[in-house]
Amino acid sequence: MTEKQDLRETCKVLYSTSEEQNRVTVKQGAEAVVFRTSIFPGEPCLLKCRPAKHWRHPILDQRLTRRRCLAEARLLAKCQTLGLKCPLLYFVDPKRGEIYMEWIEGCSVRDYIRSIESSEEYEVLLRRLMNNIGKEVANLHKNDIIHGDLTTSNMMLRNKNQDDIVFIDFGLGTVIESEEDKAVDLYVLERALASTHPNSEQLFSLTLESYSKSWKASKSVLRRFEDVRMRGRKRSMVG
Ligand SMILES: Nc1ncnc2c1ncn2[C@@H]1O[C@H](COP(=O)(O)OP(=O)(O)OP(=O)(O)O)[C@@H](O)[C@H]1O
Ligand SMILES: [Mg+2]
């Protein structure tokens with residue numbers, strides 16, 4: 001048996017064992033169902049499934065599921081090689097639309113912001129968090145990684161530590177050297193903050209400041225971001 005076949009067999013064993021493990025539903029979304037389970041003994045992991053959509057044509061459905069699943073797994077693997085912050089990819093089964101990845105103990109940035117709202121240190125903590133977000137998004141963009149859905153729910157804090165941001169949910173992500181795509185990534189984050197957090201303008205300006213400080217070549221992206229913003233405003237005025 002070659003090394004590759006051997007690895008495949010091992011994965012199959014782990015995979016079938018994990019099916020018998022308890023799965024705890026973390027989130028049932030429109031697109032994906034996310035479980036906490038285990039693939040390595042004693043080690044929790046996250047299983048993200050994209051179940052079949054019976055209202056879609058089966059061939060089209062399979063193709064879409066496969067594509068999204070592979071896109072997400074590829075990006076996780078790419079970020080890992082680049083040393084960027086995301087969960088470790090353990091195993092992917094594109095046919096079934098399933099990805100097993102590292103379980104991140106902690107909370108989403110969204111929940112974190114809510115949890116510190118009544119804290120006396122709110123301002124200080126928040127400034128530091130927004131600063132960190134800007135730095136980490138710049139790190140993604142420096143490496144031409146476009147997240148595609150930069151919301152505060154798609155950023156986690158490992159062990160609730162605001163200095164340890166982990167990006168999740170790369171299903172809409174791409175790798176492309178495009179100022180426009182990076183600018184749109186920033187715009188999505190700005191809109192997401194505006195829809196979920198009070199005082200979002202101030203918050204986001206801190207993120208932009210640190211984005212620009214962390215990456216010398218960010219100026220052209222930030223210029224493009226102003227255009228995207230203008231287009232967004234025009235569109236919302238037209239309705
Ligand atoms: N690696 C992880 N470790 C711990 N919790 C996670 C992890 N990945 C996701 N989660 C939790 O599960 C939730 C849903 O995950 P995710 O954002 O990947 O799915 P989704 O938003 O339903 O997917 P999609 O946008 O692709 O439909 C997250 O908000 C987070 O709370
Ligand atoms: Mg998500």
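Put simply, Leu186 and Ile165 are part of the same group of oily side chains (I, L, V, M, F, W, Y) that touch within less than 4.5 Å, one to the next. If you chain together hydrophobic residues whose side chains sit under 4.5 Å apart, Ile146 and Leu208 never meet in one group. Two different hydrophobic clusters hold Leu76 and Leu47 under the rule that ILVMFWY side chains link at heavy-atom gaps under 4.5 Å. The hydrophobic clustering, which links ILVMFWY residues whose side-chain heavy atoms are closer than 4.5 Å, places Leu75 and Leu84 together. Met101 is not connected to Val33 by any chain of hydrophobic side-chain contacts under 4.5 Å among Ile, Leu, Val, Met, Phe, Trp and Tyr, and they are in different clusters.
Contact of the Val109 side chain with the Leu129 side chain is registered, since non-hydrogen atoms from C-beta on lie closer than 4.5 Å. The shortest distance between side-chain heavy atoms of Leu46 and Tyr100 does not fall below 4.5 Å. Within the 4.5 Å cutoff, the side chain of Ile145 has heavy atoms near those of the Leu82 side chain. Annotation: side chain of Asn139 is not in contact with side chain of Ser214 (no heavy-atom distance under 4.5 Å). Between Tyr112 and Leu125, some side-chain heavy-atom pair lies under the 4.5 Å cut-off. Taking the side chain as every heavy atom from C-beta outward, Asn132 and Lys135 approach each other to under 4.5 Å. No side-chain heavy atom of Glu136 sits less than 4.5 Å from a side-chain heavy atom of Val166. Between Pro87 and Phe167 there is no side-chain heavy-atom pair separated by less than 4.5 Å.
With Thr151 contributing its side chain and Asn154 its backbone, the two residues share a donor-acceptor pair below 3.5 Å. Between the side chain of Asp61 and the backbone N or O of Ala52, no donor-acceptor pair lies under 3.5 Å. No donor-acceptor distance shorter than 3.5 angstrom exists from the side chain of Asp181 to the backbone of Ile176, with no hydrogens or angles considered. Side-chain atoms of Ser119 never come within 3.5 Å of backbone atoms of Ser115 as a donor-acceptor pair (strictly under, hydrogens ignored).
We find the OG-CE distance between Ser153 and Met156 to be 10.5 Å, quoted to the nearest 0.5 Å. Atom OG of residue Ser200 and atom CG of residue Leu193 lie 6.0 Å apart, to the nearest 0.5 angstrom. How far OH of Tyr187 is from CZ of Arg224: 15.5 Å, rounded to the nearest 0.5 Å. Atoms CD and SG, on Glu102 and Cys86 in that order, are 8.5 Å from each other to the nearest 0.5 Å. For the atom pair SG (Cys49) and CD (Gln28), the distance works out to 10.0 Å, reported to the nearest 0.5 Å. Taken to the nearest 0.5 Å, the NZ atom of Lys27 stands 10.5 Å off from the CD atom of Glu31.
For Leu60, the CG atom sits in a packed shell: over 12 heavy atoms of surrounding residues, nucleotides or ligands are nearer than 6.0 Å. More than 12 heavy atoms of other shown residues, nucleotides or ligands fall within 6.0 angstrom of atom CZ in Arg114. Other residues, nucleotides and ligands contribute at most 12 non-hydrogen atoms within 6.0 Å of the CZ atom of Arg66. For Glu120, the CD atom counts as loosely surrounded, since its 6.0 Å shell holds 12 or fewer non-hydrogen atoms of other residues, nucleotides or ligands. Applying the 6.0 Å contact sphere to NZ of Lys160 captures no more than 12 heavy atoms from other residues, nucleotides or ligands. For Lys78, the NZ atom counts as loosely surrounded, since its 6.0 Å shell holds 12 or fewer non-hydrogen atoms of other residues, nucleotides or ligands. Taking a 6.0 Å sphere around CD of Glu201, one finds it holds 12 or fewer heavy atoms contributed by other residues, nucleotides or ligands. Heavy atoms from other residues, nucleotides or ligands lying under 6.0 Å from CZ of Arg36 number more than 12.
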Derivation and outcome, side chain to side chain contact (heavy atoms under 4.5 Å, CB included), residues Gln202 and Asn199: CA-CA 6 Å; Gln202 251 181 322; Asn199 221 353; 2.8 Å; yes

Pair Asp185-His141, side chain to side chain donor-acceptor pair (under 3.5 Å): steps then yes or no: CA-CA 9 Å; Asp185 236 9; His141 287 180; 2.9 Å; yes

Derivation of the side chain to side chain contact (heavy atoms under 4.5 Å, CB included) call for Arg50 and Leu64: CA-CA 10 Å; Arg50 289 185 165 85; Leu64 274 176; over 6 Å; no

Derivation and outcome, salt bridge (charged side-chain N to carboxylate O under 4.0 Å, His left out), residues Lys182 and Glu179: CA-CA 5 Å; Lys182 291 171 191 173; Glu179 284 162 10; over 6 Å; no

Residues His147, Val137; criterion side chain to side chain contact (heavy atoms under 4.5 Å, CB included); working and verdict: CA-CA 9 Å; His147 183 280; Val137 175; over 6 Å; no

Candidate pair Phe91 and Ile99, rule side chain to side chain contact (heavy atoms under 4.5 Å, CB included), full reasoning: CA-CA 6 Å; Phe91 183 61; Ile99 304 181; over 6 Å; no

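We find that Arg229 and Glu226 are joined by a salt bridge, their nearest charged nitrogen and carboxylate oxygen being less than 4.0 Å apart. We find that Glu180 and Arg231 are joined by a salt bridge, their nearest charged nitrogen and carboxylate oxygen being less than 4.0 Å apart. Between Glu209 and Lys213 there is a salt bridge, since a side-chain N of the basic residue sits under 4.0 Å from a carboxylate O of the acidic one.
Taking each heavy atom of Cys79 and Leu140 in turn, the nearest pair found is SG-CD2, 4.5 Å. Of all heavy-atom pairs spanning Ile133 and Met155, the tightest one is CG2-SD, 3.9 Å. Taking all atoms of both residues into account, the shortest heavy-atom contact from Thr207 to Met130 is OG1-O, 3.2 Å. In this structure, Gly42 and Pro44 approach most closely via the heavy-atom pair O-CD, 3.9 Å. The minimum heavy-atom distance linking Tyr122 with Ile116 is given by the pair CD1-O, 3.1 Å. Nearest heavy atoms, Cys45 versus Trp103: CA-CB, 3.8 Å.
Aromatic ring pairs are classed by plane angle as parallel below 30°, tilted from 30° to 60° and perpendicular above 60°; the pair Phe225 and Phe204 is tilted.
Pairs of residues two or more places apart, or lying in two chains, never qualify as ring pair (Phe, Tyr, Trp, His ring centres under 6.0 Å) while including a residue from residues 44-87.
Asp164 and Asn159 share no donor-acceptor pair across their side chains, judged by distance under 3.5 Å alone.
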